[in-house]
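Below: the structure, in structure tokens.
Note that the coordinates shown come from a computational prediction; the quantities given were computed from them, not determined experimentally. Lettering of chains follows the sequences in order, A, B, ..., and the numbering in each one begins at 1.
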Amino acid sequence: MIKISIQQEDFDVSAEIKSISSKTVGAIATFSGIVRDSSESNPLISLTLEHYPGMSEAALEKIADAAMQKGSLEAVRIIHRVGRLLPEDNIVFVGCASAHRHAAFEGCRYIMDFLKTDAPFWKSEETQEGRIWVSEREKDQNASKSWLSKKT
Amino acid sequence: MIKISIQQEDFDVSAEIKSISSKTVGAIATFSGIVRDSSESNPLISLTLEHYPGMSEAALEKIADAAMQKGSLEAVRIIHRVGRLLPEDNIVFVGCASAHRHAAFEGCRYIMDFLKTDAPFWKSEETQEGRIWVSEREKDQNASKSWLSKKT
Amino acid sequence: MRILYFAWVRDNIGYSQEELSCPKHVRTIHQLAEYLKLRSEGHARAFDDMSAIRAARNQQFVTHDTELSDADEIAFFPPVTGG
Amino acid sequence: MRILYFAWVRDNIGYSQEELSCPKHVRTIHQLAEYLKLRSEGHARAFDDMSAIRAARNQQFVTHDTELSDADEIAFFPPVTGG
């Protein structure tokens, strides 16, 4: 079971975890990405998330599919917020449910690594200096590349 | 910040995640262990968790401390339930908060690996066949041993 | 051909999409960007450093040497930064 | 000396703790288990296979050759299975 949402609204992690739980699930790993209060040491006023509607949903579906194929996951839930967010707001949620913990952890890491490089979302940060687009981080490119060299 | 609880009562994951979030936290990884509905293909009636009071709290503190030392975690939350649990009940919750996602994921995996081998809890399963004590799994021993050979 | 712009590519160009028919000699993503640079100062700024530009053809990431057809939806944007 | 039993070790012995003073020749965890085996059939069953037994001294995991003192709290139990 895969469920993807791209939305402005916040979400409730407990409810999302329940939605991927079932009688055969023994392990759920989750990741929450949260807006921090500063950007390169400037206090952050807001973070705005933009996406490519249509392509962004398809990209997340593809990443979730690949994670399901790779490990023995029973369910995957991805929520990515868009629009204007404030410090401490949720940005993204990934939940992976499996019979066993290693598959749940690996699924979550895999999805986050590829979400960072293969899903068309862009962040801009508003500080007192103005509004700037966040640049891609080389570390993220390397994190998703590292999976290609692992045997599945 | 480390907070450990050993309790009979259930917990709310959303509230626990909020409790380890802060202005400088950008990433929270969590693990929830859940009672499955069968034991070696027998339907499971209940799972009972017993612990060594005093030692169990100290063991979880020690594991959380080691995780904080190892990675750059800002907060760790561990909740382990004890007593009689039913299928789909929560057993354990681990939450790790960090500025960045890799530290949060690694912290969570580390804590679960050592919780499985170094914390004095014992599970017994009730099925129609009766009540049996769960045996230690060699896989869990190997999972926690694998951290010793990694550079920190 | 429908062309979409995101993030600072759109900020430079000033709008988020346009429809146009390309001349025959524009056959790849890279050639399309070169052609678009002639449309305005904003376009020229957006496509000044093509190493900073990523592209999608019909909502799939593609390389700059990918060939186009007039029915395509093409998007130009910076490297993604979600999550 | 305070001795605690958990899980199936306790189920075999029939109770969860006892206080006793050991004879002088009982100096290690292993010797303590051997001594306890003499107390009842349940103790004998619990400590029949010492490779299945783990121990703690004053709430720290210890090996079977660890030395004891009369003020210690000693616990015997199977390998842990929490989480």
Side-chain angles (χ1 to χ4, degrees), chain A residues 10-18 20-39 41 43-44 47 74 86-102 104-113 115-116 123 137 139-140 142-143 146, chain B residues 10-18 20-39 41 43-44 47 74 86-102 104-113 115-116 123 137 139-140 142-143 146:
Chain A
D10 198 9
F11 46 83
D12 178 63
V13 174
S14 299
E16 298 307 332
I17 287 180
K18 281 209 178 65
I20 54 172
S21 191
S22 76
K23 291 174 189 300
T24 53
V25 164
I28 294 179
T30 76
F31 177 82
S32 301
I34 297 161
V35 183
R36 279 182 288 166
D37 72 343
S38 62
S39 166
S41 83
L44 186 85
L47 184 76
E74 306 215 358
L86 302 176
E88 300 195 54
D89 278 353
N90 286 315
I91 304 169
V92 64
F93 173 81
V94 174
C96 290
S98 175
H100 302 290
R101 76 183 187 283
H102 292 296
F105 278 128
E106 286 296 274
C108 231
R109 282 213 308 131
Y110 179 93
I111 289 169
M112 278 309 301
D113 283 354
L115 190 154
K116 290 268 181 185
K123 285 193 186 95
R137 273 167 303 189
K139 210 162 61 175
D140 286 328
N142 291 335
S146 74
Chain B
D10 199 9
F11 46 83
D12 178 63
V13 175
S14 299
E16 298 307 333
I17 287 180
K18 282 211 177 63
I20 52 173
S21 192
S22 76
K23 291 175 189 302
T24 53
V25 164
I28 295 179
T30 77
F31 178 81
S32 302
I34 297 162
V35 183
R36 278 182 287 165
D37 71 343
S38 62
S39 164
S41 81
L44 187 86
L47 184 76
E74 306 216 357
L86 302 177
E88 300 194 54
D89 277 354
N90 286 316
I91 304 168
V92 65
F93 173 81
V94 174
C96 290
S98 175
H100 302 290
R101 75 183 188 282
H102 292 296
F105 278 128
E106 286 296 272
C108 230
R109 282 212 310 132
Y110 180 93
I111 289 169
M112 278 309 302
D113 283 354
L115 190 153
K116 290 270 181 184
K123 284 192 187 98
R137 272 165 303 188
K139 208 161 63 174
D140 285 331
N142 291 335
S146 73

So CZ of B/Arg109 and CZ of A/Phe105: to nearest 0.5 Å the spacing works out to 7.5 Å

If one checks every heavy atom of A/Ser22 against chain B at 4.5 Å, the contacting part turns out to be backbone

In terms of heavy-atom pairs under 4.5 Å with chain A, the winner among B/Cys96, B/Ala29, B/Ser32 is B/Ser32

Applying a strict 4.5 Å limit to non-hydrogen atoms, the region of A/Cys108 in contact with chain B is both

Answer key: most heavy-atom pairs under 4.5 Å with chain B among A/Val92, A/Val94, A/Asp113 is A/Asp113

Of A/Ile91, A/Val13, A/Ile28, the largest count of non-hydrogen pairs under 4.5 angstrom with chain B goes to A/Ile28

Honestly, the part of A/Ile17 sitting under 4.5 Å from a heavy atom of chain B is side chain

Is there a side-chain contact between A/Val25 and A/Ile20 in this structure, where contact means two heavy atoms from C-beta onward sitting under 4.5 Å apart?
no

Applying a strict 4.5 Å limit to non-hydrogen atoms, the region of A/Ala97 in contact with chain B is neither

Rounded to the nearest 0.5 Å, the NE2 atom of A/His100 sits from the CD atom of A/Glu106 at a distance of 15.0 Å

Looking at A/Leu44, is its backbone amide N or carbonyl O close enough to the side chain of A/Ser39 to form a donor-acceptor pair, meaning the two atoms are under 3.5 Å apart?
no

Determine whether A/Glu16 and A/Thr30 make a side-chain contact, defined as any pair of heavy atoms from C-beta on separated by less than 4.5 Å. no

(Q) With a 4.5 Å cut-off on side-chain heavy atoms, are A/Asp89 and A/Ile34 touching? (A) no

